[in-house]
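To start, the structure under review is shown below, and the notes come after it.
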Amino acid sequence: MERSVNEKLIDWIKEKVATEYANDISIVLLYGSFLNGTAHSKSDIDCYFIPKTERAYQFANDFIICDIGYDIFPITWTRAADIANLQEALLPLIGDVKILYYSSEEDLHRFTQLQTILKSNLADKEKSYAAARQRVDNAYHIYRCTQNSAAPSVIHKNAGLIIMTLAEAVALYHHTYYHYGLKRQFSDLQKIPGIPEQIWKEYLHVICADNAEDRLSHCGRMLQTVCHHLNIQIPSASGRDPLLQAEPLQNIPRQVDYPALAAFYEEVCSTFNKIYVCCESGNAILAYLSAVCLQEDLDYIYNHLGARPYNLIEAFHFHDLDLLCNNARTIEKDLVDFIANGGVFLKKYDSFEAFALASATLPPEAFPEK
C-alpha cells in the first residue's frame with residue numbers, strides 16, 4: 001500500500017535531522033490531528049523543534065505538497081517552559097506529542113520535565129486559577145476594545161477570539177485543557193464537569209448570531225457567566241472606554257514584503273483547506289473558529305507585510321457555509337496571484353519525491369529562517 005505524503009514526510013524529518021542537524025537540534029516533536037486521529041484528507045502534519053544552535057533555524061521551513069501547506073517551525077526552550085507554565089494557549093505542544101528525535105538523554109529529560117511541570121501546574125489550584133484569571137483578563141480587554149469599534153469585521157473576528165479565550169479560561173479553572181485544540185473545543189467544553197450550561201450556550205450563540213451586534217452581546221453574556229463561575233470580579237462590561245481602541249487596518253502606503261508573504265501563504269494554506277473541509281462537511285463551529293484565526297493572520301499581513309486588505313470573516317453565516325467557502329477561495333486565489341505578480345515563487349510541489357529532491361539540491365538559504 002502506498003504510504004501517504006505525511007508518513008513519508010515524517011521519515012524525511014527524522015532522517016534529515018539525524019544526518020544534518022544532529023548537533024544543532026535538541027528535540028523534534030509531532031503533535032496535532034495526524035497524531036491524535038482527527039486528520040482529514042487535506043490535513044498536514046504539525047511539527048516543531050527546539051533549537052540547540054543558531055544553525056538549527058535553517059531547518060525551519062514552509063512548503064506545499066499536493067496543495068497541502070506544511071510548517072516546520074522552531075520553539076525555544078524558554079517558550080516551551082512558558083507553555084508548560086500555562087502562559088500560552090498551546091498546551092498540547094507539550095502535553096500531547098510524539099518525540100521524533102532527540103539529540104541526547106539530557107535533552108529528552110529536559111523535555112519530559114516540562115511535561116511533568118505542565119501536569120503539576122494544571123493540578124495546582126492557585127496556578128491554574130491564576131492562569132484562568134489571566135485568560136479572562138485577556139478576553140475582557142479584547143471585549144472592551146471591540147466595543148470601541150464600529151467595523152462589523154472587527155466585531156465578527158474579535159468575538160471569536162473572546163469565546164476561544166474564555167473557553168480556555170474555563171478549562172484551566174477545571175485543571176485541564178483542550179487536548180484536540182480548536183477542533184473539539186466546543187464539544188470538550190460541554191463535557192467539563194460542573195460548568196453552567198449558559199457558558200457553552202453563549203459560546204454557541206456567538207457563532208450562530210446573525211449580525212455583529214448580537215455576536216458582541218452574547219460575548220458579553222458569556223464573559224459575565226464565566227466570571228461568575230470562576231468567582232472573578234471585573235469592571236462592568238457595559239459602556240465604552242476611550243482608552244481602549246481596536247487595532248485598525250492601516251490605510252497607508254507600505255512596502256510589500258513578497259518573500260514573507262510567500263512564506264505566510266505556504267504556512268496558512270492548511271488553514272484555507274481546513275475551512276473548505278469544514279464548509280463541505282457542514283461543521284459550522286470549526287469553520288467559524290478557523291475563519292477567525294485566518295482573518296487575524298490576514299489582518300497582520302495587510303498591516304505589516306503590505307498585502308491587500310481581505311475581509312474573510314463577514315462572509316460567515318452559520319446556515320450558509322457556501323458563502324464563506326466561496327469567499328475564502330476568492331481571497332486565496334487573489335493572494336497567490338498577488339505574490340506571483342511580485343516575482344516570488346512558492347515552494348510548491350506535486351509530490352513528496354519532488355519536494356525531497358528540491359530540499360536535497362537547494363542551499364539552506366533557500367529555506368529561510370522564520
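Treat the numbers as computed from the prediction; the structure is a model and nothing was measured.
Note that the OG atom of Ser26 and the CZ atom of Arg110 stand 7.0 Å from one another [nearest 0.5 Å]. Put simply, CG on Leu108 and CD1 on Ile99 are 5.0 Å apart, with the number rounded to the nearest 0.5 Å. Leu114 contributes atom CG, which lies 5.5 Å from atom CD1 of Ile94 (distance to the nearest 0.5 angstrom). A distance of 9.5 Å separates CZ of Phe63 from CD of Glu266, quoted to the nearest 0.5 Å. Here CG of Asp297 is found 13.5 Å from OH of Tyr310. Values are rounded to the nearest 0.5 Å. Here the straight-line distance linking atom OG1 of Thr176 with atom CG of Leu189 works out to 11.0 Å at 0.5 Å rounding.
The shortest distance between side-chain heavy atoms of Tyr21 and Thr53 does not fall below 4.5 Å.
A single hydrophobic cluster is not seen to contain both Val5 and Val277; linkage of ILVMFWY side chains at heavy-atom distances under 4.5 Å, directly or through other members, places them apart. Cluster membership for Tyr180 and Ile192, using ILVMFWY side-chain heavy atoms within less than 4.5 angstrom, is not shared.
Contact between Leu323 and Ala315 at its shortest, heavy atoms only, is CB-O, 3.4 Å. Taking every heavy atom of both residues into account, Arg135 and Thr165 meet most closely at O-CG2, 3.1 Å. Between Asp96 and Tyr31, the closest heavy-atom pair is O-CB, 3.5 Å. Here the closest heavy-atom approach between residue Val256 and residue Gly306 is recorded as CG2-O, 3.4 Å.
A donor atom on one side chain and an acceptor atom on the other are found under 3.5 Å apart for Asp107 and Ser104. There is no side-chain donor-acceptor pair under 3.5 Å between Asn231 and Tyr173. Side-chain N/O atoms of Tyr48 and Asp71 include no donor and acceptor closer than 3.5 Å. Checked by atom type, the side-chain pair Ser270/Lys42 shows no donor-acceptor distance below 3.5 Å. Counted by atom type alone, Asn36 and Thr38 present one or more donor-acceptor pairs between their side chains at under 3.5 Å. Using modelled atom types, one finds no donor on one side chain facing an acceptor on the other under 3.5 Å when comparing Asp124 with Asn121. Side chain to side chain, Glu314 and Asn311 meet the donor-acceptor criterion of an N or O pair below 3.5 Å.
Under the 3.5 Å distance criterion, the side-chain polar atoms of Gln87 are matched with a main-chain donor or acceptor of Asn85.
Within 6.0 Å of atom NE2 in His228, 12 or fewer heavy atoms from other residues, nucleotides or ligands are found, so the atom counts as exposed in its surroundings. Atom CD of Glu213 has 12 or fewer neighbouring heavy atoms from other residues, nucleotides or ligands inside a 6.0 Å radius. Atom CG of Asp320 sits in a crowded spot, with more than 12 heavy atoms from other residues, nucleotides or ligands closer than 6.0 Å. More than 12 heavy-atom neighbours from other residues, nucleotides or ligands sit within 6.0 angstrom of CD on Glu20. Heavy atoms from other residues, nucleotides or ligands lying under 6.0 Å from CG of Asp350 number 12 at most.
Evaluation of the ring-ring contact (aromatic ring centres under 6.0 Å, His included) test over residues 81-133, restricted to residues two or more places apart or in two chains, returns none. Listed by first and then second residue, the ring-ring contact (aromatic ring centres under 6.0 Å, His included) pairs involving residues 190-210 are Phe186-Tyr203, His205-His218 (not counting sequence neighbours).
Salt bridge annotation for Arg55-Asp24: present, with a cationic side-chain nitrogen under 4.0 angstrom from a carboxylate oxygen. A salt bridge links Asp11 and Lys14; the closest N-O separation between the charged side-chain nitrogens and carboxylate oxygens is under 4.0 Å. Under 4.0 Å is where a charged nitrogen must lie from a carboxylate oxygen, and between Arg329 and Glu280 at least one such pair does. A salt bridge links Arg79 and Glu88; the closest N-O separation between the charged side-chain nitrogens and carboxylate oxygens is under 4.0 Å. Ion pair Arg215/Asp210 not flagged as a salt bridge, since none of the NZ, NE, NH1 or NH2 atoms sits closer than 4.0 Å to an Asp/Glu carboxylate oxygen. The pair Lys347-Asp62 does not count as a salt bridge, with every side-chain nitrogen at least 4.0 angstrom from each carboxylate oxygen.
Annotation: Phe318 is not in aromatic contact with Tyr288 [ring centroid separation under 6.0 Å not met].
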